[in-house]
Amino acid sequence: MFLTIPASRPSTPLLDQVNDPKQLRQLPADQLPELAEQLRAFLLYSVGQSGGHFGAGLGVVELTIALHYLLNTPDDHLVWDVGHQCYPHKILTGRREKMLHIRQKGGPSPFPKRSESPYDDFGVGHSSTSISAALGMAIADKLRGQKSKTVAVIGDGAMTAGVAFEALNHAAHTDTDLLVILNDNDMSISHNEGGLATYLAKNIKQKSEGETTAALFEALDFEYTGPVDGHDLPTLLSKLSAVLSKDGPQFLHLITKKGKGFKPAEDDPVGYHAITKISPIHQPKEKKVTYSNIFGRWICEIAQSNPHVTAITPAMKEGSDLVKFATQYPNRFFDVAIAEQHALTLAAGMACQKIKPIVAIYSTFLQRAYDQLIHDISIQDLDLLLAIDRAGLVGEDGATHSGVLDISMLRGLPKAVIMTPSSAQELRNMLYTGFLYKGLAAVRYPRGSAIAHVEGEMKPLEIGRSLQIRKGEKVALLNFGPLLKTAQAVADSQNYSLVDMRFVKPLDGKMVEKLANNHQLLVTLEDHSIIGGAGSEVSEHLHHIQSNTPLLTLGIPDKWIGHATREEQLAECGLDQAGIAQAIEKALTR
Ligand SMILES: Cc1ncc(C[n+]2csc(CCOP(=O)(O)OP(=O)(O)O)c2C)c(N)n1
Ligand SMILES: CC(=O)[C@@H](O)[C@H](O)COP(=O)(O)O
Ligand SMILES: [Mg+2]
């Protein structure tokens with residue numbers, strides 16, 4: 001039976017009795033299918049109200065019920081991988097009413113979060129950490145003489161990352177009661193890429209033909225059970241109960257459907273990975289051009305006249321807007337699955353052979369590949385372009401997904417060029433500049449719509465050259481990135497000078513010196529941590545030239561910024577017009 005997204009709250013009398021897994025465990029097993037139906041109906045309603053991750057949660061309704069029914073949570077441990085499938089878990093663990101405000105400031109986090117509930121055993125958002133974390137918990141409990149069960153639930157997409165296999169490799173030779181559940185829905189955000197996905201599909205086909213090949217996981221010394229239909233609750237309960245009663249590392253392979261129960265999501269799991277609130281679904285708004293769109297168009301254009309350009313994405317084809325490139329240039333497009341480290345070293349290998357790789361990567365996921373940037377790319381002085389998307393605060397996904405450290409990561413790499421576009425046009429020109437540069441170049445741009453959208457002929461910029469926007473008095477604002485419009489409003493209202501610095505590295509030192517000589521105060525502005533960011537680069541330069549002009553560095557303060565809208569997050573950091581003006585006032589009176 002297929003459900004719809006209800007605009008008003010559905011009646012869920014059985015679900016309403018479950019305010020805690022202990023109450024769930026009081027229900028007779030034959031009521032659980034009814035509970036699953038009500039949980040799915042409530043989930044559709046609540047995500048319709050709040051927006052958020054959608055298909056993954058619908059696919060684990062039965063699994064979530066079965067796990068909390070059979071485990072003694074929270075004394076037993078339940079670790080969700082990525083955590084985007086945690087909505088049913090949150091509903092069953094006392095947060096049902098709050099779910100209408102998930103991802104909103106003050107509402108529940110979109111991912112499991114330790115400070116939010118004792119049932120959220122491990123904080124998450126990035127993928128493929130569940131087996132390591134669960135193994136650590138299982139080992140710790142054993143050392144402390146505590147008897148517990150530990151379960152890691154990991155998707156087939158998350159399983160493609162190397163760290164998941166590092167953990168399996170270790171776990172197999174421990175005597176811990178660890179259960180790894182592979183939630184195999186044959187999907188990542190995009191279609192899952194690579195040999196593991198093919199292997200799993202083959203495994204399922206052979207099972208349906210009466211054979212079972214669990215060779216891979218058995219070869220890794222796990223006891224394997226499966227594949228099992230993850231939506232058939234009675235079977236699921238019986239198989240799960242059996243594996244939980246066994247000692248030592250167990251592996252349970254479940255087959256589920258992403259978007260289960262909601263036909264549009266089952267038919268289009270990519271489009272329904274996450275959704276906006278119900279009203280925008282029914283009344284589509286005018287689509288704004290995003291920075292990602294500008295990148296997606298640019299890379300198609302540059303590839304047309306440059307046959308040695310390739311595009312690499314670690315499992316973020318849609319988000320990075322590489323769908324068109326993938327269709328137009330299938331031989332030059334590489335979705336390497338969730339494998340950020342591999343993505344970077346693969347690019348390094350290509351660069352050795354005179355291919356120009358363009359790695360499109362979210363700032364937050366680039367964190368996974370820091371040593372690759374240093375050891376495989378920078379030290380070997382290889383020539384490639386990083387298109388760093390989702391740089392800065394990203395809004396509703398919160399701290400796990402904020403990209404506020406990439407400048408700090410890159411700034412120490414000799415010869416790296418780091419660019420911070422303030423508009424769509426600048427993004428285009430900077431991508432082109434980075435493309436022409438022989439070495440490691442990075443362009444960092446934010447989530448969301450691009451300011452002043454114009455597309456014309458692309459022009460390379462002079463490397464390290466800033467752009468003076470306005471000449472004023474007393475204070476000079478040095479902008480790095482997308483906050484230019486806000487900076488302009490502050491500068492206009494107070495008659496301050498304003499420079500779009502464009503390059504964090506190499507810094508336009510001459511401009512900094514000139515501004516320092518003519519102003520009482522310099523103010524840097526960036527959508528990045530103030531520690532090690534563009535402000536630090538300017539500060540080091542002022543120190544180097546022995547300037548006494550005071551510097552105020554505005555950016556993300558030394559704390560994690562939680563989920564909220566991007567505007568709310570910026571305001572929380574004092575990066576809105578009022579916050580910036582106030583901080584400058586205060587600095588001037590010191
Ligand atoms: C390290 C990392 N890279 C990329 C992502 C973005 N991402 C979130 S969910 C997802 C797909 C995960 O697929 P799977 O584990 O199979 O879960 P499903 O959505 O299919 O349930 C991706 C690529 C991430 N969260 N973490
Ligand atoms: C869970 C996860 O990591 C992704 O689904 C992420 O939420 C996508 O973010 P964007 O919406 O910015 O592409
Ligand atoms: Mg999957």
Side-chain angles (χ1 to χ4, degrees), residues 51-61 63-64 80-88 102-103 109-112 124-131 152-164 181-194 196-197 200-201 230 253-260 265-266 269-276 290-293 313-322 335-343 360-369 389-403 445-448 563 566:
H53 290 101
F54 190 65
L58 285 169
V60 295
V61 165
L63 175 61
T64 310
W80 298 99
D81 207 284
V82 183
H84 63 316
Q85 75 294 66
C86 74
Y87 291 32
I102 195 166
R103 305 166 84 233
S109 157
F111 304 109
V124 70
H126 288 200
S127 79
S128 319
T129 58
S130 61
I131 307 175
V153 181
I154 181 165
D156 53 318
M159 191 60 108
T160 56
V163 61
I181 298 181
L182 174 62
N183 174 36
D184 181 1
N185 56 18
D186 198 21
M187 284 300 296
S188 188
I189 292 182
S190 318
H191 290 277
N192 205 4
E193 294 293 336
L196 182 69
L200 293 172
H253 183 180
L254 295 188
I255 307 305
T256 61
K257 185 113 195 126
K258 203 163 173 172
K260 176 75 179 173
E266 287 195 14
V270 176
Y272 281 87
H273 174 76
I275 62 167
T276 48
T290 63
Y291 281 95
S292 313
N293 296 153
T313 171
M316 300 307 281
K317 179 170 76 172
E318 286 78 16
S320 301
D321 203 356
L322 282 169
D335 177 349
V336 299
I338 305 182
E340 287 80 9
Q341 297 178 321
H342 166 62
I361 189 159
Y362 285 20
S363 170
T364 189
F365 302 140
L366 180 62
Q367 291 162 197
R368 281 273 163 105
D389 201 331
R390 289 359 181 229
L393 296 167
V394 296
E396 289 80 357
D397 272 351
T400 55
H401 283 61
S402 61
Y445 47 95
R447 187 175 201 274
H563 55 280
R566 183 170 146 81

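Order of appearance sets the numbers: ligands from 1, and atoms from 1 within every ligand.
By the salt bridge (Lys or Arg N to Asp or Glu O under 4.0 Å) test, Arg368 is found to be paired with no residue, residues two or more places apart in sequence or in another chain being considered.
In this structure a side-chain-to-backbone donor-acceptor pair under 3.5 Å is present from Thr160 to Ile338. Remark: the backbone N or O of Ile255 is not paired with any side-chain donor or acceptor of Asp184 at under 3.5 angstrom. With Asp156 contributing its side chain and Met187 its backbone, the two residues share a donor-acceptor pair below 3.5 Å. Remark: the backbone N or O of Tyr362 is not paired with any side-chain donor or acceptor of Asp389 at under 3.5 angstrom. For Gln85 (side chain) and Gly83 (main-chain N/O), a donor-acceptor pair under 3.5 Å exists by modelled atom type.
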May I have every N or O pair linking ligand 1 to the protein at under 3.5 Å, one per line with atom names and distance?
{"unit_1": "ligand 1", "atom_1": "3 (N)", "unit_2": "Glu340", "atom_2": "OE2", "d": "2.7"}
{"unit_1": "ligand 1", "atom_1": "15 (O)", "unit_2": "Ala158", "atom_2": "N", "d": "2.9"}
{"unit_1": "ligand 1", "atom_1": "16 (O)", "unit_2": "Asp156", "atom_2": "N", "d": "3.3"}
{"unit_1": "ligand 1", "atom_1": "16 (O)", "unit_2": "Asp156", "atom_2": "OD1", "d": "2.9"}
{"unit_1": "ligand 1", "atom_1": "16 (O)", "unit_2": "Gly157", "atom_2": "N", "d": "2.6"}
{"unit_1": "ligand 1", "atom_1": "16 (O)", "unit_2": "Met187", "atom_2": "O", "d": "2.9"}
{"unit_1": "ligand 1", "atom_1": "19 (O)", "unit_2": "His84", "atom_2": "NE2", "d": "2.7"}
{"unit_1": "ligand 1", "atom_1": "19 (O)", "unit_2": "Lys258", "atom_2": "NZ", "d": "2.6"}
{"unit_1": "ligand 1", "atom_1": "20 (O)", "unit_2": "Asn185", "atom_2": "OD1", "d": "3.0"}
{"unit_1": "ligand 1", "atom_1": "20 (O)", "unit_2": "Asn185", "atom_2": "ND2", "d": "2.9"}
{"unit_1": "ligand 1", "atom_1": "20 (O)", "unit_2": "Met187", "atom_2": "O", "d": "2.8"}
{"unit_1": "ligand 1", "atom_1": "21 (O)", "unit_2": "Asn185", "atom_2": "ND2", "d": "3.2"}
{"unit_1": "ligand 1", "atom_1": "25 (N)", "unit_2": "Gly125", "atom_2": "O", "d": "2.9"}
{"unit_1": "ligand 1", "atom_1": "26 (N)", "unit_2": "Ser127", "atom_2": "N", "d": "2.9"}

Are there any N/O pairs under 3.5 Å between ligand 2 and the protein, and if so, what are their distances?
{"unit_1": "ligand 2", "atom_1": "3 (O)", "unit_2": "His401", "atom_2": "NE2", "d": "2.6"}
{"unit_1": "ligand 2", "atom_1": "5 (O)", "unit_2": "His53", "atom_2": "NE2", "d": "2.9"}
{"unit_1": "ligand 2", "atom_1": "5 (O)", "unit_2": "His273", "atom_2": "NE2", "d": "2.8"}
{"unit_1": "ligand 2", "atom_1": "7 (O)", "unit_2": "His53", "atom_2": "NE2", "d": "3.0"}
{"unit_1": "ligand 2", "atom_1": "7 (O)", "unit_2": "Asp397", "atom_2": "OD2", "d": "2.5"}
{"unit_1": "ligand 2", "atom_1": "11 (O)", "unit_2": "Arg447", "atom_2": "NH2", "d": "2.8"}
{"unit_1": "ligand 2", "atom_1": "12 (O)", "unit_2": "Arg390", "atom_2": "NE", "d": "2.8"}
{"unit_1": "ligand 2", "atom_1": "12 (O)", "unit_2": "Arg390", "atom_2": "NH2", "d": "3.2"}
{"unit_1": "ligand 2", "atom_1": "12 (O)", "unit_2": "Arg447", "atom_2": "NE", "d": "2.8"}
{"unit_1": "ligand 2", "atom_1": "12 (O)", "unit_2": "Arg447", "atom_2": "NH2", "d": "3.4"}
{"unit_1": "ligand 2", "atom_1": "13 (O)", "unit_2": "Tyr362", "atom_2": "OH", "d": "2.6"}
{"unit_1": "ligand 2", "atom_1": "13 (O)", "unit_2": "Arg390", "atom_2": "NH2", "d": "2.9"}

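Residues Pro314 and Ile361 form a side-chain contact, since some pair of their non-hydrogen atoms from C-beta on lies under 4.5 Å apart. Between Arg390 and Thr364 there is no side-chain heavy-atom pair separated by less than 4.5 Å. Considering only heavy atoms from C-beta on, His253 comes within 4.5 Å of Leu200 through its side chain.
Using cut-offs of 30° and 60° for the angle between ring planes, the His53 and His273 rings count as perpendicular.
For Ser292 and Asp321, the side-chain atoms include no donor-acceptor pair closer than 3.5 Å.
With Asp81 as the partner, the side chain to side chain contact (heavy atoms under 4.5 Å, CB included) test is satisfied by one option alone out of Leu182, Val124, Ile131, Ile154: Ile154.
Residue-and-atom listing of protein N/O/S atoms under 2.8 Å from the Mg ion (ligand 3), sorted by chain and number: Asp156 OD1, Asn185 OD1, Met187 O.
A ring-centre distance under 6.0 Å is not found for Phe111 and His563.
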